[in-house]
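For the numbers below, each heavy atom of this structure counts, side chains included, while hydrogens, waters and symmetry mates do not. Letters A, B, ... mirror the listed sequences (proteins, then strands); counts begin at 1.
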Amino acid sequence: MTKYIIRRLLGIIPTLFIIVTLSFFIVRIAPGGPFDGERALPEVVKRNIEAKYHLDEPVIQQYGRYLFDVLRGDLGPSYKYKDHDVNYFIAASLPNSIVLGLISMMLALVFGISAGVIAAVKQNTWVDYTAMALAIVGISIPLFVISPIMQYVFAMKLKWFPTSGWFTSGGGWRSVVLPAIALSFSYFADVARLTRSSMLETLRSDYIRTAKAKGMRNSTIIFKHTMKGAMLPIVSYLGPAFAGILTGSVVVEQVFRVPGLGKFFVQSSFNRDYTLIIGVVIVYSVILVIMNFIVDIVYAQLDPRITYK
Amino acid sequence: MNIFKKKVTVATNEFNQVVVGNSLTKDAWRRLKKNKMAVIGMVVVIFYSLIAAFAGLLPIYPYDEIILDHQHLPPSLTKNAGELMRVKKMEDLYAKAWRAGRLVVTEEQDAQLKQWVKDNQNNKVWEFCYAEGEAQRAAGTFAFNSSEQRTIDRLEEKIATELQVTVKHVYWTNPETSKRYDVQKMDYKEMLELYAKMFNVSPQAVEEQTEMEIRAQLLNSIKATAPDFTDEEYAGMVEDELKKLGEKGYDSLASQNIYGKIVTQSRRVVEQELKTIVSDTDTKFPLKETFGVGNDMTAQVEASKKHERRYFLGTDYSGRDMLSRIIYGGQVSIAIGFVGTLTSVLIGIVLGAIAGYVGGKTDYFLMRFVDIMYGLPYMLLVIICMAVFGRNILNLFFALALVSWLTIARMVRGQIMSLKNQEFVEAARSMGASTGRIIFKHLVPNSLSVIIVYSTLRIPAFIMQESFLSFLGLGVQAPYASWGSLVGDAVASMTLYPWKLFFPALAMIIFLFAMNFLGDGLRDAFDPQSKNQL
């Protein structure tokens, strides 16, 4: 097991290296520089700025410098906001995104698993049909449609929640509800469908029949025996779900004006703020890679049938 | 040698009944037909695809025709644009009269109105003031003052008389042979002479003018893609661009430019002429006629009363018809969904098949690459690509197709690996079939059912990704539309103009529903054992 963990940790390095390299070079081969505003700068000023940000060096040297800085945890200065560097923006906005993402993930898991379990236990009843219809709705309605519609109905018409804002900027807990629900919706649907099918399969297996034959209580069978085995696909689904929630938070933060990383990402891609773009992508990738790593370890722990060499 | 010929024999069972063999596809089709939701989904998908494919033939307004008078008209089945404009104007006038204290309301109503203003719900204020004002005017307790009345009269005259004139063709008749030529199909020199005659100027002057305009046009397009160079550098780039165009390219640009001017001038002449007959009640609009525009030229035009248009789904911020924008937006979204899926599936099949069949190092490196790509937030990479390489449909399409072949490659690899050691492949190999033939003639067709099912489920995902980018403003750009960009445009002003959000969202949701049901149905049909899986 320890060996496996070490090998997985070593595997993270090329992934991160590739993401840094890819985003660095995509941005460098782009036409137009970061200082292309509407107003043309005098040649001298331009040269000075380029020297300040080391843009006058050969690309390979810039790349080496950037790799070295990233290793030290320095993501460089922002090209557009001259007073701050990228680390500052990320430190300010990342916690908000993490809170939003974790709450959504929890919502999706708690409600998705409950709905899936109930639907499987009451298979082919109206409970099952309702839950699965809701899941299909969740899968078919894109995030950027459900978010404004929820905002319109629950914030603007019914006024149950504020239309935008965040609890750190005085919005209270109510301001978290809509973004979190909107973001969790489609993952709720996936988790519910996965749980249901995996529960149904496990319920049909021999050891459950044995448990029933031994006269165990139904609730014990469901919670202790079936669910333990049925949770494995959910765990392996967590990896892609985290990736989706990261990407999705870009939309939700845009619609509900949450001061998170995703909003910065969209802004910086409009501004051509290269260091900020790459910085955000690196942070997202690190989160994702760590999450995938944790998921793998948990999976290995849960399923004794898997042996890692 | 008849082993290569298919032997047709009729199988019979012990009761001498004919037994017909059932292919996998036939069996799947039978199961699919039993699944009601999947059939409904299929019908909806076909309906959408037909509408998208034949959008050009539908009797709808052009999706990019801007009529500023028709900004933000609400959807209406009964009222035409003119009536809606009138209501809008009256609402505005009544609301102003209320603010000035001339439209008298009870104290409670007054408080309510003020609350609405405070809550930024101006549409409720307008609605109320309109109802109240109309009632009071009918009862005689409120009357417009003279300047308001004048505004209304002017608007009504405008609604009654303004025309939308579209020039379809301009013809030139040779006075000697009286043969008619389509001006658009003429070459540059001939067009130049016609134009010079039309405006009574020398052809040289026109030529110079055109060249200047084309240079300006090129400069603008260069500046848009590559900002921030010095003027001299720009001048050099324009020269390069002109050289690249060559004489033929230049002539076609120039003739487009001149043709545009000829059309504008013809429209002006026709509009003048029509002004005199618009009040004539005998003329029926819309009309389709040919008018002489001077100098042996005739213009075939379509004219309709501008404000008699009907917008069933309302209009957007530039007065464009939402119905046609949703249809054309759907065309873009659906096309990107289908073509993008097809591209990514093709890439996935080729790479997956090679990895699965060849195995060894090729397989190892391809699959490690896929693993690494899986670990990346690749939608973010797509966003970077869009931000960096420019936001147009083609870039969007490539960026998405390049990252979405991963799953299909893995799936095809798995299928091929399980198939490649079976007897029929060995037989093919022993008969000397090449690797390419074995892969694409034997292995791929045998895993086709898996591929079809996956592709159907992939299309809605692709459409969602495209719309996601367009929603953020990083995908399809105006005047083109996609469902995502329509929703994105609507979000900022959805309290005032909710129809801009709901109709595109609804159109999109219905399609995605149908697509998902169809995909699920196909999966169940091809692989009945998977019925209860995700």
**Prompt:** Given A:T226 and A:V117, is the side chain to side chain contact (heavy atoms under 4.5 Å, CB included) satisfied, shown in steps?
**Reply:** CA-CA 10 Å; A:T226 322; A:V117 168; over 6 Å; no

**Item:** CZ/A:R257: more than 12 non-hydrogen atoms of other groups inside 6.0 Å
**Value:** no

**Asked** With a cut-off of under 6.0 Å to the ring centre and 45° to the axis, is B:R368 in cation-pi contact with B:Y364?
**Response** yes

**Test item: A:Y152 side-chain N/O and B:V491 main-chain N/O as donor-acceptor pair under 3.5 Å** = no

**Message:** Has B:Y48 got a side-chain atom pairing as donor or acceptor with B:A507's backbone, closer than 3.5 angstrom?
**Reply:** yes

**Item:** Residues from residues 460-469 of chain B approaching chain A under 4.5 Å (heavy atoms)
**Value:** B:M464, B:S467, B:F468

**Item:** Top contributor to chain B interface from A:V137, A:V280, A:I278, A:I146 [non-hydrogen pairs under 4.5 Å]
**Value:** A:V137

**Message:** Does any part of the side chain of B:F471, heavy atoms only, come nearer than 4.5 Å to the side chain of B:S485, both counted from C-beta?
**Reply:** no

**Residue B:M508 versus chain A: region with a heavy atom under 4.5 Å** = side chain

**Minimum-distance pair of heavy atoms, taken over all atoms of B:A401 and B:S344** = O-CB, 3.8 Å

**Side-chain ion pair, A:R193 and B:D520, N-O less than 4.0 Å** = yes

**Residues of residues 494-503 of chain B within contact distance of chain A, non-hydrogen under 4.5 Å** = B:M494, B:T495, B:P498, B:L501, B:F502

**Message:** Can you confirm whether B:F397 is buried at CZ, in the sense that more than 12 heavy atoms of other residues, nucleotides or ligands lie under 6.0 Å from that atom?
**Reply:** yes

